[in-house]
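Everything below concerns the one structure shown next.
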Amino acid sequence: MTTLSRPRLLATVTAVLLVTSSMLAGGATAHGPDPALSGGGFGQNQVLRFRWRAGSEPTAIMKTAIKAAANDANDTRASKAATFAYDAGGPSPIGYGAGATCGVNGLACFTRDVPDSFTMWFREQGHVFDWGTMKWCENYTTPPNGCYDAENIALDEFGHVEGLGHHDNYDSDSDYGDAVVQTYSRTKPSAGYNKHVFGRCDVARLQIIYDTLTTAAKFSTCLDMATVLTITASSAQIVVGGSTTLTATLKVVDSDSYGRLGGDAVSGRTVTLQRRAVGTTTWIAVGTMPTGAASGTYVLAQRPGGDTEYRAVFATPSTEGINGDSSPAVRVSVTGCTGAAAMSAESINAPCA
């Protein structure tokens, strides 16, 4: 197992402490989404503007790292989570130095005041802990082993501000790369010490709290959500030569455990149409259903030659955290009609008089 660094204590609201189960909105499991901090999330796509704390401004090197981490959070949130922007007049101060209120062994810490603001602190280069001396990698032309990557640590803190608790890893830490928001931060050269993107299990919780950016956006592979697929026919009874339009609708199951994702329309996926003659059991593939005008819909017109059942199928994808589903069958009956060939296109779908 990779040797981990000393713990970085986490500050939340006004106290400095480690995350405990009483602070979490829900339990965590290894390879599951990060736990959620109490207090809920900020507004969807809310811009959180930060400034440097007067009298405790970070050094130029640290400012660069912190701003880079803010951009990392914005670029890799894969959700409608809040975004971060530097603003000299912003309400959220970020400080650096001896005034840090991060506990005895804290490298960095934060508070969050939803829905208005947050604070953040970073220990100064050279700070002496009982386990050693603080070294920020960015302060060296050739960073030494044992240094902490400030951009990585700042991204972790921005994740906390969004509402993420520490990821719950396997005992082996084999899934450490699934999250940036960790109880123990790694130092150079341990794998993950300089990760500058949210991990898939960070993103999973952000999506649960804030929703995906669009209905076509993929769900984190750290999720395991059920979907429900339904199908309707524009005409359940047509005459010979007539047509009907099959419309499938794909959604995430509306479950409280899925947060904002529950009941979401799921667009831009591959949904296939299948058919079988009434009274038979074998389904035959018709083809892929093109995306419909409404979110989460898939549409394909058919001209059956006899009574036919149709169903839609969404296969479980390997690239995101949702499971497939098959719709119940919808029956389309075809009736004979004398003179049907002479009927207009507008009336051919109507029942025979």
Side-chain angles (χ1 to χ4, degrees), residues 207 212-255 257-258 261-353:
Q207 290 183 338
T212 53
L213 285 166
T214 67
T215 60
K218 290 186 176 181
F219 301 99
S220 167
T221 55
C222 196
L223 295 167
D224 184 19
M225 300 188 297
T227 60
V228 59
L229 186 61
T230 58
I231 191 169
T232 60
S234 60
S235 298
Q237 182 178 343
I238 62 174
V239 298
V240 174
S243 67
T244 186
T245 298
L246 287 306
T247 300
T249 302
L250 180 62
K251 293 184 177 183
V252 174
V253 167
D254 193 2
S255 169
S257 64
Y258 299 160
L261 300 178
D264 269 6
V266 184
S267 303
R269 273 60 170 190
T270 299
V271 173
T272 57
L273 183 67
Q274 296 180 344
R275 63 174 172 82
R276 68 183 179 190
V278 172
T280 65
T281 58
T282 302
W283 289 100
I284 299 172
V286 175
T288 300
M289 303 181 74
T291 300
S295 295
T297 61
Y298 303 80
V299 179
L300 188 61
Q302 290 290 286
R303 196 181 298 273
D307 291 357
T308 304
E309 290 183 319
Y310 292 96
R311 73 174 183 180
V313 177
F314 171 58
T316 299
S318 61
T319 56
E320 59 179 322
I322 50 176
N323 297 309
D325 190 38
S326 296
S327 74
V330 61
R331 177 171 174 163
V332 177
S333 299
V334 180
T335 61
C337 183
T338 302
M343 296 174 69
S344 67
E346 290 74 17
S347 63
I348 199 167
N349 287 339
C352 295

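Values reported hereafter were calculated over all heavy atoms of this structure, with side chains retained and with hydrogens, waters and symmetry mates removed.
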Hey, could you give me the [atom1]/[atom2] distance between [X] and [Y], rounded to the nearest 0.5 Å?
| X | Y | atom1 | atom2 | value |
| --- | --- | --- | --- | --- |
| Arg331 | Gln237 | CZ | CD | 10.0 Å |
| Ser220 | Ile322 | OG | CD1 | 11.5 Å |
| Ile231 | Arg311 | CD1 | CZ | 10.5 Å |
| Lys251 | Met225 | NZ | CE | 14.5 Å |
| Gln207 | Leu223 | CD | CG | 6.0 Å |
| Thr316 | Asn323 | OG1 | CG | 5.0 Å |

Treating [X] as the side-chain partner and [Y] as the backbone partner, does any N or O pair qualify as donor plus acceptor under 3.5 Å?
| X | Y | value |
| --- | --- | --- |
| Thr244 | Ser235 | yes |
| Thr245 | Ser234 | no |
| Arg303 | Gly241 | yes |
| Asp264 | Val252 | no |

What is the minimum heavy-atom distance between [X] and [Y], and which atoms define it?
| X | Y | value |
| --- | --- | --- |
| Asp325 | Val228 | OD2-CA, 3.4 Å |
| Tyr258 | Val253 | CD1-O, 3.2 Å |
| Ala248 | Ala312 | CB-CB, 3.6 Å |
| Asp307 | Val334 | OD1-N, 2.7 Å |
| Gly268 | Tyr298 | N-OH, 3.2 Å |

Residues two or more places apart in sequence or in another chain: which of them pass side chain to side chain contact (heavy atoms under 4.5 Å, CB included) with Leu213?
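With neighbours one apart ignored, the set is Asn45, Arg77, Lys80.
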
Which residue in the set Thr297, Val271, Val266 passes side chain to side chain contact (heavy atoms under 4.5 Å, CB included) when paired with Thr249?
Thr297

Side-chain donor-acceptor pairs of residues 278-296 under 3.5 Å, sequence neighbours excluded:
{"unit_1": "Thr280", "atom_1": "OG1", "unit_2": "Ala277", "atom_2": "N", "d": "3.4"}
{"unit_1": "Thr280", "atom_1": "OG1", "unit_2": "Ala277", "atom_2": "O", "d": "2.6"}

Asp254: partners by salt bridge (charged side-chain N to carboxylate O under 4.0 Å, His left out), with sequence neighbours left out
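Salt bridge (charged side-chain N to carboxylate O under 4.0 Å, His left out) check on Asp254 returns nothing, list empty.
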
Flag side-chain contact, heavy atom, 4.5 Å: Pro304 against Ile238
yes

Contact check, side chains of Thr308 and Gln302, non-hydrogen atoms, under 4.5 Å
no

